[in-house]
Protein chains: 2
Amino acid sequence: MKNQFTTPDGYTSDIAVFTITSESSSEYKPPLKTLKIMLIKRSEMDHEGNPNIEAGKWALPGGFVRPNETAFQAAERKLFEETGVDGLRIKHFGVYDSPSRDHRGWIISNAHYVIANESSLKNRKTTLDAQDIQLFSMEEALALELAFDHHAIMDDALWFIKKDMALTTLAKHFLPEEFVLSELQGVLLTVLDDPSISTDAAFFRKAPTLPFIEAVSENGKLKKSNAYSKTPAQLYRFTDFQPIVSVYRNKLKG
Amino acid sequence: MKNQFTTPDGYTSDIAVFTITSESSSEYKPPLKTLKIMLIKRSEMDHEGNPNIEAGKWALPGGFVRPNETAFQAAERKLFEETGVDGLRIKHFGVYDSPSRDHRGWIISNAHYVIANESSLKNRKTTLDAQDIQLFSMEEALALELAFDHHAIMDDALWFIKKDMALTTLAKHFLPEEFVLSELQGVLLTVLDDPSISTDAAFFRKAPTLPFIEAVSENGKLKKSNAYSKTPAQLYRFTDFQPIVSVYRNKLKG
DNA sequence: GAAATAGTGTCTCTTAGACAATATCCA
DNA sequence: TGGATATTGTCTAAGAGACACTATTTC
């Protein structure tokens with residue numbers, strides 16, 4: 001084509017992969033949950049053997065979008081290529097296009113985030129592009145020196161996660177199919193800070209009435225679990241209900 | 001730079017400009033409010049004298065991002081260049097990068113929306129790039145044959161407006177500094193459909209208690225307006241309070 | 001029985017929601 | 001006075017928030 005205008009030097013897709021890890025402190029106790037982000041350590045050489053830019057630094061997985069795909073498709077592809085992880089729910093949240101963000105030139109990053117169940121990251125493995133992969137807590141991650149403007153991207157992604165956690169049933173992607181209320185509470189508390197969630201009496205009374213959560217039954221009677229307590233605790237699952245909230249009304253829309 | 005990867009053929013910034021027009025039906029009556037979008041009719045030649053692609057079609061204002069600016073800055077610039085409109089609150093909401101969206105090549109669009117007070121669009125004028133500018137109601141606009149994938153972009157923008165209207169104090173950007181409850185109600189109803197808003201008794205009782213709205217006083221007494229009714233109606237303004245909602249609690253966060 | 005988690009009982013206060021009544025002003 | 005818009009009264013039922021109490025199991 002006739003080039004009538006200046007073109008960017010590259011278009012990349014980056015992905016902030018979040019998960020919540022469970023660490024059981026002792027038996028019959030709800031596990032300690034922590035929000036973590038998966039970062040890769042950039043290899044010295046890329047998979048084509050060329051010296052890699054920002055090599056050795058920790059970074060969000062991602063890479064150049066091919067001309068025959070969208071950034072979304074690239075996100076899926078790079079995530080698999082670089083970390084071996086597959087089949088996650090990817091969401092766009094922003095574009096980073098400051099002219100100075102990448103000293104190779106004018107490179108635009110289309111940023112995504114992913115909510116991953118801890119188990120879905122089990123398959124992660126280092127690759128040619130990533131000499132190391134690790135999960136970092138947000139404190140750890142924000143203290144690292146990251147490649148490019150990935151620090152800002154990560155910061156924004158965290159903000160989106162918090163918003164989505166409060167406004168949607170995002171929490172379900174961090175939980176097993178069937179879960180106990182204290183697990184849900186634990187997930188919410190890794191990201192949200194709210195007395196109506198942290199106060200047991202309030203949360204345990206309110207949660208079962210939420211329209212997007214239902215108690216699990218088996219053989220006609222309520223299904224309980226002793227995974228985290230001596231007292232059998234009721235199992236719940238998310239329904240397909242999509243709550244709609246508004247600042248002008250209090251009730252969740254039926 | 002050494003070009004180790006395929007580069008996009010262009011990076012554009014597009015802007016969906018929304019406003020709510022007021023049409024007074026008769027005296028002492030709240031005006032009829034309608035959500036509208038500002039579109040431009042693409043000129044036969046661009047401002048450099050080259051034949052314009054998709055000429056003659058209606059489209060979102062926008063254009064190519066320059067290498068020394070961000071898409072956000074380009075949005076501000078193009079909006080002014082193409083429509084003469086300035087000083088609006090611009091927000092990114094999505095990226096459109098389907099390989100087939102523009103037959104000139106691989107062109108990525110960074111999409112924004114703008115909420116404009118009707119009066120701020122008063123200055124709009126046709127330019128070299130835009131042989132015509134008009135406000136369309138959403139029904140009209142969605143029925144037009146638009147350039148590129150602007151139909152999809154507009155659709156998505158509308159969805160974001162609805163979400164923001166429900167979740168934030170976005171409504172204030174459609175209203176004058178001081179307004180009457182029926183005006184607020186009118187603005188909300190152009191986008192939202194909710195009995196707690198459309199029912200007068202419910203809305204007029206609830207709205208004054210909202211933490212982000214306050215009654216206007218003057219000389220120690222409440223300020224009223226007869227603009228839309230024979231009965232003097234209380235004037236209100238938005239405060240700086242940013243409401244936070246959540247599906248897990250009902251109250252707006254203090 | 002002690003300890004730990006998972007709830008429930010009860011009370012108070014606030015609010016939603018429905019419906020009716022009142023208030024203000026103009027023609 | 002009638003008509004139109006802008007409120008307010010009143011009632012009921014539901015829910016939030018606080019605090020104490022009960023229930024189930026293991027050691």
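This one's a predicted model, so the numbers in the text were calculated from it and none came from an experiment. Residue numbers start from 1 in every chain, and the chains themselves are labelled A, B, ... in the order their sequence lines are given, proteins ahead of strands.
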Problem set entry | A:Asn250: partners by side chain to side chain donor-acceptor pair (under 3.5 Å), with sequence neighbours left out | B:Lys206
Exercise. Do we see a donor-acceptor contact under 3.5 Å between the side chains of B:Tyr28 and B:Asn226?
Worked result: no
Problem set entry | With A:Gln185 via side chain to side chain donor-acceptor pair (under 3.5 Å) - residues at least two apart | A:Asp200
Exercise. What does nucleotides 11-19 of chain C look like as a protein-contact string, B for base, S for sugar-phosphate only, - for none, at under 4.0 angstrom between heavy atoms?
Worked result: ----SS-BB
Problem set entry | Interface with DNA chain D, restricted to residues 177-186 of chain A and to heavy atoms under 4.0 Å | none
Problem set entry | Pairwise side-chain contact, A:His112 with A:Asp14, heavy-atom cut-off 4.5 Å (strictly under) | no
Exercise. Within the distance-only criterion (no hydrogens, no angle test), does the side chain of B:Thr34 pair as donor or acceptor with the backbone N or O of B:Thr21 below 3.5 angstrom?
Worked result: no
Exercise. Would you call A:Lys91 and A:Asp164 a salt bridge, using N to O less than 4.0 angstrom?
Worked result: yes
Problem set entry | For A:Glu145, salt bridge (charged side-chain N to carboxylate O under 4.0 Å, His left out) partners two or more places apart | A:Lys57
Seminar exercise, completed: Atom CG of A:Asp200 and atom C1' of C:dA4 are separated, to the nearest Å, by 12 Å
Please tabulate, for the side chains in residues 212-224 of chain B, all donor-acceptor contacts under 3.5 angstrom to protein atoms that are two or more places apart in sequence or on a different chain.
{"from": "B:Glu214", "atom 1": "OE2", "to": "B:Arg237", "atom 2": "NH1", "distance (Å)": "2.9"}
{"from": "B:Lys223", "atom 1": "NZ", "to": "B:Glu178", "atom 2": "OE1", "distance (Å)": "2.8"}

For this session: State, with a plain yes or no, whether a side-chain heavy atom of A:Tyr248 is found less than 4.5 Å away from one of B:Val245.
Result: no
For this session: Kindly write out the residues that satisfy side chain to side chain donor-acceptor pair (under 3.5 Å) with A:Ser119, not counting sequence neighbours, or none if the list is empty.
Result: A:Asn117
Exercise. Mind checking what makes side chain to side chain donor-acceptor pair (under 3.5 Å) contact with A:Asp149, not counting sequence neighbours?
Worked result: A:Arg101
Exercise. How long is the line joining CG of A:Leu222 and P of C:dT8, in whole Å?
Worked result: 11 Å
For this session: Applying salt bridge (charged side-chain N to carboxylate O under 4.0 Å, His left out), name anything that partners A:Lys230, two or more places apart in sequence or on another chain.
Result: none
For this session: Heavy atoms of chain B, cut-off under 4.0 Å: which first and last nucleotide of DNA chain D, 5' to 3', fall inside that, if you could look?
Result: D:dG3 to D:dA16
Report, one pair per line, the protein and nucleotides 23-27 of chain C atoms (nitrogen or oxygen only) whose separation is under 3.5 Å.
{"from": "C:dT24", "atom 1": "O2", "to": "B:Thr231", "atom 2": "OG1", "distance (Å)": "2.7"}

For this session: Just grab all the ring-ring contact (aromatic ring centres under 6.0 Å, His included) pairs involving residues 175-203 of chain B, residues at least two apart or on different chains.
Result: B:Phe179-B:Phe238
